[in-house]
Structure formats: structure tokens, C-alpha cells
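One structure is given here, and the rest of the page talks about it.
Nothing fancy with the numbering, it's 1 onward along the sequence.
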Amino acid sequence: TLFRSFQKKDKTIILKSFTYFYFTKCKLLIWRIIIILIKTMKYLILGIGNKGEKYENTRHNIGFKIVERVAEKIEAKFSSANYGWTAEGKYKGRKVILLKPDTYVNLSGNALKFWMQKENIPLENILVVTDDLALPFGALRLKSKGSDAGHNGLKNIQEMIKTQNYARLRFGISSDFEKGRQIDYVIGEWSEEEKEKLPERIDKFADACLSFVFAGITNTMNTFNGK
């Protein structure tokens with residue numbers, strides 16, 4: 001009887017030990033999977049702009065300037081690729097793909113759709129950086145969705161990916177122009193006063209882009225909108 005009782009106890013100990021090690025191993029495996037998933041997370045940040053030296057320092061090209069600053073922060077370099085120029089780097093374990101389309105502003109959606117599909121990037125990991133006439137100079141506004149607000153680049157993106165539900169980071173360029181001069185204004189260069197303030201604002205927007213990658217859109221909106 002004593003022997004049988006001892007065997008029963010022994011079985012219980014073995015069973016408990018097995019259960020403990022089994023769930024411990026499962027937890028470790030789950031954490032390893034989570035870490036792998038985090039490391040393979042991909043984000044695509046597209047800066048809207050026009051190619052060519054003629055447009056390099058224009059208001060419409062602020063999206064290019066911001067993703068270029070992001071590239072500097074994550075030590076990534078742009079190179080020629082399909083539909084434009086791309087730079088790849090990592091930020092806190094996440095893979096970040098930066099894109100400057102060579103399609104001109106009005107066809108930005110072609111580049112976005114191609115790279116989304118090529119890299120299998122989910123819609124929630126897409127961020128589009130653009131200029132906005134409706135906001136005062138340098139104002140920062142991040143939204144998770146919305147209309148194109150009359151911006152041809154955003155309009156084309158919506159047409160190509162069939163949804164308005166993508167994150168967009170808007171840089172205010174104000175609307176200080178005479179009636180009928182909107183095109184000249186957006187493809188015109190910054191005023192001297194604006195040029196002095198641009199580096200700080202571009203740096204702030206680049207930080208917002210990286211916050212989107214690591215902290216998510218809600219936290220980033222709470223931290224950066226209106227700053």
C-alpha cells in the first residue's frame with residue numbers, strides 16, 4: 001500500500017513538473033514568436049512631392065523633405081527603385097520603408113499601391129506625408145482617415161487603393177496667395193521667414209513619423225497634433 005501510495009505521489013509530482021515545464025516552454029515560444037513578429041513588422045512612409053531640381057525646395061515637396069529627414073534619423077539611404085526612390089532601415093525593431101515617388105504629385109497612388117503589394121504591408125502600417133493649404137505654416141495634423149481635401153495626390157491614392165482609411169500626416173503651408181494663383185503658390189519656394197523655421201518643423205514631423213511606427217497612430221496623434 002505504501003509503495004502504491006508513493007507511486008501515486010510520484011506520478012502527481014511528475015505530472016505537475018511536466019505541466020509546469022510545458023506551459024513555461026509554451027510561454028517562451030509565444031514570446032519568441034512575438035519578438036519575431038515585431039522584428040518583421042513593416043511600415044511604409046510615403047512623402048508626396050515632385051521629382052526634379054525645379055521642384056526640390058517648393059512647398060509641394062515638403063513630403064520629400066520630411067521622409068529624407070526620417071532617413072537621416074534611421075541612417076538609411078535612398079536609391080532608385082520602381083516608381084521612385086526608396087530607403088530602408090529599422091526603428092526599434094520595426095522595418096521602415098521610405099518612399100519618394102517619381103510619378104509627380106498627381107499620380108502618387110501608383111507608387112503607393114505597388115510598394116504596398118510588393119512588401120505585403122497592411123493598410124494600418126501606411127503613412128502618407130503631404131502638404132496642406134488649409135493649415136497655417138508648419139502646423140502638424142495627423143489623422144487616421146479622411147477625404148482628399150482637394151489634394152490631387154491624396155485623391156489619386158484614394159482611387160488606387162480604394163479607400164480613405166489610411167493615415168496621413170499633413171504639413172501646413174497656409175494659403176497666402178491671390179485668387180487664381182494656387183498652383184504657382186504650391187510649386188513656389190518658401191519665403192525667407194519660412195525657410196528659417198523649416199528645419200525645426202521638418203525635424204518635428206520626422207519624429208512624428210517614427211512615433212507612428214513605434215507608438216501607433218493614437219498615441220502619436222495625442223503627442224504631436226497641434227505641436
Problem - Same apolar cluster: Ile121 and Trp115, side chain cutoff 4.5 Å - result: yes
Problem - Candidate pair Ile173 and Leu133, rule side-chain contact (heavy atoms from CB on, under 4.5 Å), full reasoning - result: CA-CA 5 Å; Ile173 62 172; Leu133 285 164; 3.7 Å; yes
Practice task
For Arg59 and Glu189, indicate whether the former's side chain and the latter's backbone hold a donor-acceptor pair under 3.5 Å.
Solution key: yes
Exercise for the section: Determine whether Val186 and Leu135 fall in the same hydrophobic cluster, where Ile, Leu, Val, Met, Phe, Trp and Tyr are linked whenever their side-chain heavy atoms lie under 4.5 Å apart. Expected result: no
Practice task
Spell out, as yes or no, whether a donor-acceptor pair under 3.5 Å connects the side chain of Asn61 to the backbone of Asn50.
Solution key: yes
Exercise for the section: Output yes when a side-chain donor or acceptor of Asp102 lies under 3.5 Å from a complementary backbone atom of Lys51, and no otherwise. Expected result: no
Practice task
Could you state whether Leu46 and Leu169 fall into the same hydrophobic cluster, counting links through intermediate Ile, Leu, Val, Met, Phe, Trp or Tyr residues with side-chain heavy atoms under 4.5 angstrom apart?
Solution key: no
Exercise for the section: Nearest 0.5 Å please: distance from the CZ atom of Phe78 over to the CH2 atom of Trp85. Expected result: 10.0 Å
Exercise for the section: Give a yes/no verdict on a cation-pi contact between Arg201 and Phe205, requiring under 6.0 Å between NZ or CZ and the six-membered ring centre and an angle within 45° of the axis. Expected result: no
Practice task
Quick one: sort the Phe212 and Tyr43 rings into parallel, tilted or perpendicular, breaks at 30° and 60°.
Solution key: perpendicular
Handout entry: Glu200 atom CD: more than 12 heavy-atom contacts under 6.0 Å
Key = yes
Problem - side-chain contact (heavy atoms from CB on, under 4.5 Å) evaluation trace for Val129 with Phe171 - result: CA-CA 8 Å; Val129 186; Phe171 186 106; 5.7 Å; no
Problem - ILVMFWY cluster, Phe64 and Val128 together (side-chain gap under 4.5 Å) - result: no
Problem - Min side-chain heavy-atom separation Asn156-Thr103 under 4.5 Å - result: no
Practice task
Considering only NZ, NE, NH1 and NH2 on the basic side and carboxylate oxygens on the acidic side, decide whether Glu194 and Lys197 come within less than 4.0 Å.
Solution key: no
Exercise for the section: Answer yes or no: are there more than 12 heavy-atom neighbours, outside Lys195 itself, under 6.0 Å from its atom NZ? Expected result: yes
Handout entry: Parallel, tilted or perpendicular, as decided by the 30° and 60° cut-offs, for the rings of Trp190 and Phe137
Key = perpendicular
Exercise for the section: Check the pair Leu112 / Leu44 against side-chain contact (heavy atoms from CB on, under 4.5 Å), numbers first and verdict last. Expected result: CA-CA 9 Å; Leu112 181 63; Leu44 176 60; 3.6 Å; yes
Practice task
Verify, without hydrogens or angle tests, whether Ser108 (side chain) and Gly153 (backbone) share a donor-acceptor contact under 3.5 angstrom.
Solution key: no
Practice task
Determine yes or no for a side-chain-to-main-chain donor-acceptor pair under 3.5 angstrom, with Asn225 supplying the side chain and Leu142 the backbone.
Solution key: yes
Exercise for the section: Could you tell me which non-hydrogen atom of Arg170 sits nearest to which non-hydrogen atom of Ala149, and how far apart they are? Expected result: NH1-CB, 3.9 Å
Exercise for the section: Before giving the answer on side-chain contact (heavy atoms from CB on, under 4.5 Å), spell out for Leu107 and Met160 the whole-Å C-alpha distance, their side-chain angles and the decisive distance to 0.1 Å. Expected result: CA-CA 9 Å; Leu107 296 175; Met160 294 304 296; over 6 Å; no
Practice task
Decide whether Ile45 and Tyr91 are clustered together by the hydrophobic rule: side chain heavy atoms of Ile, Leu, Val, Met, Phe, Trp, Tyr closer than 4.5 Å, transitively.
Solution key: yes
Handout entry: Asn106 atom CG: more than 12 heavy-atom contacts under 6.0 Å
Key = yes
Practice task
Mark yes when over 12 heavy atoms from residues, nucleotides or ligands other than Lys155 sit less than 6.0 Å from its NZ; otherwise mark no.
Solution key: no
Handout entry: Lys65 and Asn57: side chain donor to acceptor below 3.5 Å
Key = yes
Problem - Main-chain N/O of Thr130 paired to Arg168 side chain as donor or acceptor, under 3.5 Å - result: no
Practice task
Using the six-membered ring wherever Trp is involved, compare the ring planes of His60 and His151 and label them parallel, tilted or perpendicular (cut-offs 30° and 60°).
Solution key: tilted
Handout entry: Contact check, side chains of Lys73 and Asp207, non-hydrogen atoms, under 4.5 Å
Key = yes
Practice task
Verify, without hydrogens or angle tests, whether Lys42 (side chain) and Glu119 (backbone) share a donor-acceptor contact under 3.5 angstrom.
Solution key: yes
